[in-house]
Amino acid sequence: MTQSIDNYDMFGLQQATCGTSLMNRSASPDEIASIALFLASGESSYINGVVLAADAGWSAY
């Protein structure tokens, strides 16, 4: 997709993707299950109306 882009700003591209190398793996099934169990438990009784992104920070970029 990006091969057709001419004259893009390399500095902007580096800034936009600087943290992506920090996320070197996908979540394990156990990690996702822990989130689901937390949300299903009484420990999360005060949480409502929030999107919880389990993406290792990917959505920050």
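Residues meeting the side-chain contact (heavy atoms from CB on, under 4.5 Å) test with S34, sequence neighbours left out: none. Evaluation of the side-chain contact (heavy atoms from CB on, under 4.5 Å) rule for A40 yields no partner, not counting sequence neighbours.
With hydrophobic clusters built from ILVMFWY side chains whose heavy atoms lie under 4.5 angstrom apart, L52 shares a cluster with I47.
Within the 3.5 Å criterion, the main-chain N or O of E31 finds a donor-acceptor partner in the side chain of S28.
Nearest heavy-atom pair, S44 versus L39, reported as atom, atom and distance to 0.1 Å: OG-O, 2.8 Å.
One distance of note links OG of S26 with CG of D55; it measures 11.0 Å at 0.5 Å rounding. The distance from the CG atom of D30 to the CG atom of L37 is 10.0 Å, given to the nearest 0.5 Å.
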